[in-house]
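To start, the structure itself, in structure tokens.
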Amino acid sequence: EFLVLVLGPNTAPPTVVPTAQGGVQVEWHQGGVDLEIEATVSGKLLYFFSGPGEESEGPVGDNPTTVKRFMKRLEGV
């Protein structure tokens, strides 16, 4: 459900990988921009973003605004 909120019409499909802890991670790596969103076994959503001039990570929480902003940066690559 969360991905439906943040994916744009021009978002490239992510790579989906299992994590060592039993969760699932979706990730995009293109043009010097990295965005990863992890769904943990406990149900938490975490993100990691790295791009020119910025790096950020943490829990997604109840507001997808931060991840949406990073998604737009990824789409602009």
Side-chain angles (χ1 to χ4, degrees):
E1 292 176 21
F2 177 75
L3 291 178
V4 171
L5 295 174
V6 298
L7 293 177
N10 299 320
T11 305
T15 300
V16 180
V17 295
T19 66
Q21 297 78 25
V24 176
Q25 182 167 294
V26 292
E27 51 188 56
W28 296 262
H29 304 285
Q30 57 192 59
V33 174
D34 299 312
L35 177 60
E36 302 171 354
I37 301 170
E38 178 184 354
T40 67
V41 173
S42 65
K44 293 182 181 179
L45 292 176
L46 308 171
Y47 76 90
F48 169 79
F49 174 84
S50 178
E54 186 172 10
E55 189 168 298
S56 180
E57 65 182 307
V60 170
D62 294 331
N63 188 346
T65 304
T66 300
V67 175
K68 278 186 178 182
R69 182 172 61 85
F70 293 141
M71 191 64 68
K72 288 183 190 288
R73 291 208 34 207
L74 180 72
E75 290 172 355
V77 172

Which atom names give the shortest non-hydrogen contact between T11 and M71, and what distance separates them?
CG2-SD, 3.7 Å
Q30 and A12 have their tightest heavy-atom pair at OE1-CB, 3.8 Å
Ignoring hydrogens, what is the shortest heavy-atom contact between L3 and I37? Give both atom names and the distance.
CD2-CD1, 4.1 Å
How far does CD of Q25 sit from OG1 of T40, to the nearest 0.5 angstrom?
11.5 Å
Could you measure the distance from the CG atom of L7 to the CD atom of E75? Nearest 0.5 Å is fine.
8.0 Å
Going only through I, L, V, M, F, W and Y residues with side-chain contacts under 4.5 Å, is there a path from V17 to V67?
no
Between S56 and F70, which heavy-atom pair has the shortest distance, and what is it?
CB-CZ, 3.7 Å
Measuring from N10:CG to K72:NZ, what's the distance to the nearest 0.5 Å?
10.5 Å
With the side chain counted from C-beta on, respond yes when P52 and R73 share a heavy-atom pair under 4.5 Å apart, and no when they do not.
yes
Scanning both residues in full, the closest heavy-atom pair of Y47 with P59 reads CE2-O, 3.8 Å
What residue among T65, T66, L45, L46 forms side chain to side chain contact (heavy atoms under 4.5 Å, CB included) with V60?
L45
Atom pair CD/CG of E57 and L35 - distance to nearest 0.5 Å
12.0 Å
Quick one, F49 and R69 - any side-chain contact, counting heavy atoms below 4.5 Å?
no
Indicate yes or no: at least one non-hydrogen side-chain atom of E27 is less than 4.5 angstrom from one of F48.
no
Scanning both residues in full, the closest heavy-atom pair of G23 with V41 reads N-CG2, 3.7 Å
